[in-house]
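In what follows, every chain begins at residue 1, and chains take the letters A, B, ... in the order their sequences are listed.
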Amino acid sequence: MDLPADLQQLVRHRSGRARPIAELEAELAAGTRALPDGRVWSALSRTEQLRVLDGHRLAYVADAPVNWCPGLGTVVANEEVTADGRSDRGNFPVFKRNMRQWLMRITAYADRLIDDLDTLDWPEPIKIMQRNWIGRSHGARVRFPTPAGDLVVFTTRPDTLFGATFMVVAPEHPIVDALVPEAWPDATVAAWTGGAATPGEAVRAYQRAAQAKSSVARQEVNREKSGVFTGSFATNPVNGAQIPIFIADYVLMDYGTGAIMAVPAQDERDWEFAEQFELPIVRTVRPPEGWEGKAFVGDGPAMNSAFLDGLGVDDAKAAMIAWLEEQGCGEGTITYKLRDWLFSRQRYWGEPFPIVYGDDGVARAVPDSMLPVELPDTDQFSPRTFDADDEFSNPESPLDRLGDWVEVRLDLGDGAGPQTYRRDTNVMPQWAGSCWYELRYLDPTNDQRFVDREVERYWMGPDPTRPGHPGGADLYVGGVEHAVLHLLYARFWHKVLFDLGHVSSSEPFYRLFNQGYILAAAFKDEREIYVDATAVTEQDGAYLYEGRPVTREFGKMGKSLKNAVTPDEMYDAYGADTLRIYEMSMGPMDASRPWETRAVPGAYRLLQRVWRNLVDEDSGELRVAPDGTTASEETARVLARTVDAVRADLDGLRFNTAIARITELNNHLTGVAAAGGISRDVAETLVLLLAPLAPHLAEELWERLGHASSLAFEAFPVADPALLVADTVEVPVQVNGKVRARVSVPTGADAAVLEAAARADARIAEQLAAVTVRKVITVPGKLVNFVVG
RNA sequence: GCCCGGGUGGUGGAAUGGCAGACACGGAGGACUCAAAAUCCUUUGCCGCGAGGCGUGCGGGUUCAAGUCCCGCCCCGGGCACCA
């Protein structure tokens, strides 16, 4: 199958677009000249060329921090690690450690992933979540001279540089070792040392403690700030002040540069740290009059900042960036929170990497003709396990054990002829499949391409009638839990395919709707790990699992919380239509609620009532009114209003209110049926309205109404506009905002008519008799409000 | 902790800043029945005999008018990069 050109062969363009690696190689080679003696002169050495190429590869290998669990022999997810740093399964120690991993350079697409959100019909909160996740922030890089060389920080607030009274670097920062002197300098405050005799001891102890914490735990602002002084000072480039450098775990190595300038007066975390470590606080933005808070993060005039004084935050930022660039000690820059995508897994199930290694250890792509690389057959799915405390053991995935699969003799077509290679034994994450399944669904039996070009263009291509339409699936319904991971990965993947010309759409999902969750009780044991909900018993209001107490909460049904229940019982008892109607009528589709089946008879009753209104229960005969009978005006109006409302509700995916409108119509028709039967046109409209919601019942009734073909081919009903307009309308009359009467006025009555009608009402006249009317608010068709005093 | 969403009767929920509680579940009463189920009808936010008053998580605010807008809290759910 022609899956997109191999990952390893792709690089990003300067603009962030993907392109084949051959193009970049050619570009690099263009700086190459053949010398008369047959040698080749190149502007870049081959090593340099490779370094450039590697810096652009879309898929690349790098060291990345992971949770290594030797006792299980696998890397585990943060959620599988307990609060005390052990594995959920087996309770083995887990070590946070760097390992060689494949990554995808999604960061190269950061700008497009943000900017193209504007072309999508997605819920605004999801767009906000994606923007926050990518976390584009404009700021500056600033170099602070230190005894160990320049310490570079990224800040979004260069305007506050005069208020930087200390610096903090991540405990893992490579500069730390070089910063630590033999002994504490004279200016050291007792609180800074962590009680250690030398900076070296203090720093090493702190680094060990930080390593044991997860990154989520480290960002908890609530907990007490911790850190130690490195023993060195940096020079604040704007005023030459000597400011102490700390290490603290609230600064993360993988965001920005892993180091910050701390400005306590304008950052809450820095303020807290400053208070705890008795560090100076200098305000550089004047807080509003009467400000009693601590750090002030809002806008205001600069102060204590020499040439910035009086400028607003935005102007001060621009002025400071200009100054930094002029002085050569910093520059304006953009950073992203988004990190590259860790793409390799050491498990069995997953797509193997189409990569082999020669004796030289260089990664080579398997040629297209040999794709896809399929998983080998085995019954050994477990990885090798190690001594639980052997932190420096290395994972051996299930594929590593399959020697005759790993060792492979291939002719890669690179001129080297058949050679023996070792396959890469990583597999791709499950996301790899969820990133393009929607494309494969378009053309699942195609054995030449992952999707035929014309098929893709037809279903996913941009709509030329809508300017700026990026293409993509017309409607994608999924849970909000996919807001940042799946939906970002899939967009990235799709854009790569788009850049390479494999698809005509630049986005995978044009309209997104987030349905809510069906929640169910879930139970946690004392380690905060979920246990199988079906095995939990209740005793005197307490919950027990295998005899031990567990705590209850409600959460999304699924395997994470081990709390899934199926609708099978309801289906067996009531059938598919009732199940559908019930689920849709429970509430708006985007709301979450616990699975609770008490109200199911209501949905069942609605369908039975519809049936009985059209079919005689005893004889099974159709019981509509004789042909030629027409609906009463009242029925015609109720019907028109229902059709109008149901249409709008279905367009907006408001199935719950659509069902309520149909229920009202049917309740009305119950009276009509009892009084002689429902006319055929009304009966048919009712059935068509119900068809999308309860298709089986509707189809059956349609046939009984005498139709030989399916109602699936019928047009959805349209309301007669004339029947939607009423002659009169009832409006509430308020006195000081409280409803005191209702009056009936002709539709379209103006303010004067409305007010006159209101004053004519006996109760209103009585209420207004003894008071002065200060103001009359009339909203035609809506209400009258007399403001009295 | 950070980002996003939510909180309305006994219950699920409805309501472009303009009559809070549509529709349904549950409850109460009635009709039909020898009886029961089913069905149909009436009724049902709370307090009050009534007139009336009070009510949309809590506390403030804007407005003639706030469930809806603003500020500050509380609680619940989703996500936090190896669950997918």
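With rounding to whole Å, A/M104 atom CE is found 13 Å from B/C82 atom P. Atom NZ in A/K738 sits roughly 15 Å away from atom C1' in B/G18 (whole-Å rounding). As a whole-Å value, the separation of A/Q515 CD from B/G77 P is 18 Å. If you take NE2 of A/H486 and P of B/C82, they are 15 Å apart, rounded to a whole angstrom. For the pair A/L252 CG and B/C2 C1', the interatomic distance rounds to 11 Å; values are reported in whole Å. For the pair A/L485 CG and B/A81 C1', the interatomic distance rounds to 5 Å; values are reported in whole Å. Across the protein-nucleic acid pair, A/D590 atom CG and B/G77 atom P stand 18 Å apart, rounded to whole Å. Rounded to an integer number of Å, the gap from A/D267 CG to B/C2 P is 12 Å.
Residue contacts shown for A/S344 include a base, since a base heavy atom lies under 4.0 Å away. Residue contacts shown for A/R763 are limited to sugar-phosphate atoms, with no base heavy atom under 4.0 Å away. Nucleic acid contact class of A/R593 (heavy atoms, under 4.0 Å, all strands): sugar-phosphate only. Here A/E617 lies out of heavy-atom contact (under 4.0 Å) with every strand. Within the 4.0 angstrom heavy-atom criterion, base atoms lie near A/L338. Across all strands shown, A/K127 has no heavy atoms under 4.0 Å from either base or sugar-phosphate atoms. Nucleic acid contact class of A/V75 (heavy atoms, under 4.0 Å, all strands): base. When heavy atoms are screened at a 4.0 angstrom cut-off, A/Q101 is found touching base atoms of the nucleic acid. At a threshold of 4.0 angstrom between heavy atoms, the contacts of A/R740 are confined to the sugar-phosphate backbone, with no base atom among them. As judged by a 4.0 angstrom heavy-atom cut-off over every strand, A/R742 is placed among the base-contacting residues.
The C1' atoms of B/U39 and B/A84 are separated by 48 Å, rounded to the nearest whole Å. Remark: the separation of the C1' atoms in B/G12 and B/G6 is 15 Å, to the nearest Å. Between B/G57 and B/G67, the distance separating the two C1' atoms is 12 Å to the nearest Å. One C1' atom belongs to B/U16, the other to B/G10, and the distance between them is 31 Å to the nearest Å. For B/A20 and B/A65, the P atoms lie 14 Å apart once the distance is rounded to whole Å. Remark: the separation of the C1' atoms in B/A15 and B/C76 is 23 Å, to the nearest Å. As rounded to the nearest Å, B/U56 and B/G17 have C1' atoms that lie 15 Å from one another. A distance of about 16 Å separates the C1' atoms of B/C46 and B/G27, rounded to the whole Å.
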Side-chain donor-acceptor pairs of residues 639-653 of chain A under 3.5 Å, sequence neighbours excluded:
unit_1	atom_1	unit_2	atom_2	d
A/T642	OG1	A/V638	O	2.7
A/R647	NE	A/P717	O	2.7
A/R647	NH2	A/F716	O	3.1
A/R647	NH2	A/P717	O	3.4
A/D649	OD1	A/R654	NE	3.2
A/D649	OD1	A/R654	NH2	3.4
A/D649	OD1	A/T657	OG1	3.3
A/D649	OD2	A/T657	OG1	3.1
A/D649	OD2	A/A658	N	3.3

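For A/P125, the listed nucleotide lying nearest its side chain is B/G5; candidates were B/C80, B/C41, B/G5. The A/V66 side chain lies nearest to B/C82 when the options are B/A84, B/C82, B/U11. Listed nucleotides: B/C41, B/C64, B/A14. Nearest to the side chain of A/V787: B/C64. Taking the side chain of A/P732 as heavy atoms from C-beta on, and the options B/C41, B/U11, B/C19, the nearest nucleotide is B/C19.
A 3.5 Å limit on both hydrogen-bonding distances identifies no Watson-Crick or G-U partner for B/G48. Base-pair partner of B/A31: B/U39 (Watson-Crick or G-U wobble, both distances under 3.5 Å). Using Watson-Crick or G-U wobble geometry with both donor-acceptor distances under 3.5 Å, B/C69 finds its partner in B/G61. Checking B/A84 for Watson-Crick or G-U wobble geometry (two distances, each under 3.5 Å) identifies no partner in any strand.
Non-hydrogen atoms lying under 4.0 Å from RNA chain B are contributed by A/K775, A/I777, A/V779, A/K782, A/L783, A/N785, all within residues 772-786 of chain A.
Side-chain contact between A/E172 and A/N98 is absent, with no heavy-atom pair separated by less than 4.5 Å. Contact check for A/S87 versus A/F92: side-chain heavy atoms found under the 4.5 Å cut-off. Contact of the A/S137 side chain with the A/F154 side chain is registered, since non-hydrogen atoms from C-beta on lie closer than 4.5 Å.
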Under-3.5 Å N/O pairs linking protein and nucleotides 68-75 of chain B:
none

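Both A/I128 and A/R347 lie near RNA chain B, and the one whose nearest nucleotide falls closer to the 5' end is A/I128. Of the residues near RNA chain B, A/Q346 and A/E730, the one whose nearest nucleotide (by heavy atom distance) lies more toward the 5' end is A/E730.
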Summary of protein contacts for nucleotides 22-31 of chain B, nucleotide by nucleotide, where a base hit scores B, a sugar-phosphate-only hit scores S (4.0 Å, heavy atoms): BSSSS-----
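A/R623 has no carboxylate O lying under 4.0 Å from a charged side-chain N of A/E617, or vice versa, which leaves the two without a salt bridge. Comment: A/R661 engages A/E664 in a salt bridge, judged by a side-chain N to carboxylate O separation of less than 4.0 angstrom.
Using modelled atom types, one side-chain atom of A/R763 and one backbone atom of A/R740 make a donor-acceptor pair closer than 3.5 Å. Judged by distance alone, the side chain of A/Q130 and the main-chain N or O of A/A483 form a donor-acceptor pair under 3.5 Å. A/S344 places no side-chain N or O within 3.5 Å of a backbone atom of A/Q101 that could act as its donor or acceptor partner.
Taking the salt bridge (Lys or Arg N to Asp or Glu O under 4.0 Å) definition, one finds that A/D270 meets it with nothing, sequence neighbours left out. Applying the salt bridge (Lys or Arg N to Asp or Glu O under 4.0 Å) test to A/R637 and every residue at least two apart in sequence or in another chain returns A/E633.
Classified by its glycosidic torsion, B/G5 falls in the anti category, the angle being over 90° from 0.
A donor and an acceptor atom, one from each side chain of A/D590 and A/Q515, are nowhere located under 3.5 Å apart. With hydrogens and angles left out, the side-chain atoms of A/N394 and A/R97 include a donor and acceptor closer than 3.5 Å.
In this pair, A/H486 and A/W431 present their aromatic rings parallel. The plane angle is below 30°, not in the 30 to 60° band.
When each of A/F509, A/F513, A/W122 is paired with A/Y476, the side-chain contact (heavy atoms from CB on, under 4.5 Å) condition holds for A/F509 and for no other.
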